[in-house]
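The structure appears below as structure tokens.
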Amino acid sequence: MFRGISSRCWREWIGVILIFLLAFTIYFSIFRRNLLITGVDGPYYLIQVQSLLGNGVLVYGDPPLAFYLFAFFSLLVGDMTLGIELAVSLFCALSTIPVYFLIRRVTGKVYGGYFAMLLMIFSATFIRMMSDFMKNAVGILFLNLFIYSLYNLTLSEKGYKTTILAITFLLLNGFTHILDFCTAILFLAIYSTITILSSKEKIIFMKKLSVIVLSLLAFIILTATFLPFYFTDYIKIIRFFEDISETSEGGLTSITVPRLIPFPKHGPPLPMSWLTLALISTLGFIITIYEWRRGRRRQFSLILTITFMALTFGFPLIPMAWLWRLMLMEFIPTAIILGYGLAKLEVILDVFRVRESSVRAFVILVITGLVLSPFIMQTISIIRFIKPTIDYATYLDLKEMNNLIPPDSVIIAPFPLKYWVQYLNRAEVVGRPSRDLWESYSHVLIIIRKGMPMPRGAESIFIGKSIMLVELPKRH
């Protein structure tokens, strides 16, 4: 069955597999550096998977696909933390492969595809997403597959199978994460508009597009109507546009001038400066103009869409609360534009009449190293920040105090303890005290750091190495 595959094709596949294995090894080793699951939402995933395996339902409403994948891998390896980390590492590594085939198909250059894969692997924003927002990172595979499928849709006249694939990957994004889903819709909207305006076969494409759009609308209506518990994130889309409109109505005085490198509220700064974004976007526009002048309409539509997406994710007038999260998606345009740019390096070499293949290969290798080096350094830097939100001593304290919690209790546990307490103790947990707690529960408990003064009238229940559990007196 393999007789039709050339040795050159085998070498190409071996390269893809080796880079994929490199990605998986790096990502999995990042997780295994810590005894506990990492990131601000790490224990949240444990709660969801724990409930799914124990009760068959989720505790919190969220698109469910990633949680089912996490549960499957957890059953496979017999450990929830290891199962989640294994699933995230695998899907993040797999997400580099569609980018390779996209660049390979668009440019015809193998090394451009390899370079795009490496840029994704060593993207600090992708690693930050992988460690903090694991569900978002898992959905990147479906997002990249959708981008690849939609581009392929413009290459054939019939394309029924490709249309079905594009719809499938689009809906898988919807079942995984709202940001991946919205990014896929953004790509669909921009790419379709540019293709219709520039393509000579727009009627054929519009027929395929209508099927995709109708499927998308049906998905949104059906999930919002019959599965509202899993798709409450639709509200976030409304909130986003409300915040944008409030910023616009507030005028220039309401706009915060962004820093050179935007800082999120928690954790390290995002490693995407405005200068880097400007340089990548400029390269995207240069390639766009080049492809337009050559009459390559499909390549023109793709690279212009990707460039617009890069500018959208990093648009500085977006409220900072949303901007830092959107900029986590910049690694996709970065990998595609720079991978595309490296593939077009031969055009520059032809201009300078560099004919020797060995010299051309050396120049391409040097440029690859120079461009990739800062990405690798940023990745090494951000890995130092990837850790659990609690230390291991606190984790052991939370486990030990489990048997000491009285029945009909509620625990006041501020961030970052809230999800950890809920996961380890399976107790009712709130973030702050309120008067009605004493009306609803027999015991109101609070976790405080060891050594801190206890509230007046409080009684200690547990004193650990790192934290204390105390019961607050009833309020009259």
Side-chain angles (χ1 to χ4, degrees), residues 35-64 67 70-71 74 79-81 83-84 135 227-233 235-236 265-266 388-476:
L35 293 173
L36 304 177
I37 196 167
T38 63
V40 294
D41 284 343
Y44 166 80
Y45 301 119
L46 291 172
I47 292 170
Q48 295 282 64
V49 174
Q50 182 185 65
S51 178
L52 198 58
L53 293 176
N55 307 317
V57 295
L58 298 176
V59 177
Y60 299 101
D62 231 352
F67 297 121
F70 295 160
S74 297
D79 181 89
M80 281 194 293
T81 298
I84 293 172
K135 213 155 67 72
L227 298 170
F229 175 75
Y230 297 106
F231 293 91
T232 55
D233 280 352
I235 299 173
K236 291 182 180 179
K265 292 182 178 179
H266 304 286
T389 51
I390 61 172
D391 55 39
Y392 198 65
T394 304
Y395 173 81
L396 293 177
D397 285 346
L398 291 174
K399 288 188 68 175
E400 189 177 347
M401 75 182 195
N402 186 36
N403 295 328
L404 301 176
I405 299 173
D408 194 28
S409 297
V410 62
I411 301 176
I412 302 169
F415 180 86
L417 292 175
K418 180 181 176 182
Y419 285 139
W420 281 111
V421 174
Q422 187 175 353
Y423 165 61
L424 293 171
N425 304 113
R426 302 191 183 186
E428 293 294 326
V429 185
V430 295
R432 62 184 65 182
S434 60
R435 290 189 176 275
D436 60 348
L437 291 180
W438 281 266
E439 299 174 1
S440 305
Y441 300 92
S442 301
H443 305 275
V444 178
L445 315 179
I446 186 170
I447 296 176
I448 60 176
R449 288 292 173 186
K450 186 177 180 180
M452 291 181 62
M454 290 174 50
R456 181 179 299 178
E459 179 183 347
S460 65
I461 295 177
F462 168 80
I463 300 177
K465 294 181 178 179
S466 177
I467 59 174
M468 300 170 56
L469 178 67
V470 301
E471 181 171 359
L472 296 176
K474 289 186 178 182
R475 294 185 179 182
H476 301 287

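These numbers come from the heavy atoms of this one structure, side chains and all, not from hydrogens, waters or symmetry mates. Predicted model, so just to flag it, every value in this text is computed and none were measured.
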Contacts of Tyr392 meeting ring-ring contact (aromatic ring centres under 6.0 Å, His included) (sequence neighbours excluded), chain-then-number -> Tyr395
Here the gap from Ile411 atom CD1 to Leu469 atom CG, rounded to the nearest 0.5 Å, amounts to 6.0 Å
Would you give me the side-chain donor-acceptor pairs under 3.5 Å for residues 456-468, sequence neighbours excluded?
{"residue": "Ser466", "atom": "OG", "partner": "Thr394", "partner atom": "OG1", "Å": "2.8"}
{"residue": "Ser466", "atom": "OG", "partner": "Arg449", "partner atom": "NH1", "Å": "2.9"}

task: Would you please classify the geometry between the Tyr419 ring and the Tyr44 ring as parallel, tilted or perpendicular, with 30° and 60° separating the classes?
output: tilted
Residues passing the side-chain hydrogen bond (donor to acceptor under 3.5 Å, both in side chains) test with Asp41, sequence neighbours excluded, are none
Can you check whether Leu58 reaches Tyr230 side chain to side chain, under 4.5 Å on heavy atoms?
yes
So the side chain to side chain donor-acceptor pair (under 3.5 Å) pairs with at least one residue in residues 49-60 (sequence neighbours excluded) are Tyr60-Gln422
Exactly one of Val421, Leu437, Val429 clears side chain to side chain contact (heavy atoms under 4.5 Å, CB included) with Ile412, and that residue is Leu437
Rounded to the nearest 0.5 angstrom, the NZ-CZ distance for Lys135 and Phe70 is 8.0 Å
Do the side chains of Leu472 and Trp438 get nearer than 4.5 Å, heavy atoms only? yes
With sequence neighbours left out, the residues meeting salt bridge (Lys or Arg N to Asp or Glu O under 4.0 Å) with Lys399 are none
CG of Leu36 to OG1 of Thr389, rounded to nearest 0.5 Å, is 8.5 Å
More than 12 heavy atoms of other residues, nucleotides or ligands under 6.0 Å from CD of Glu428: is that the case?
no
Separation between OH (Tyr441) and CG (Asp436), nearest 0.5 Å, reads 9.0 Å
Applied to residues 400-412, the side chain to side chain donor-acceptor pair (under 3.5 Å) test, sequence neighbours excluded, yields Asn402-Asn425, Asp408-Ser442
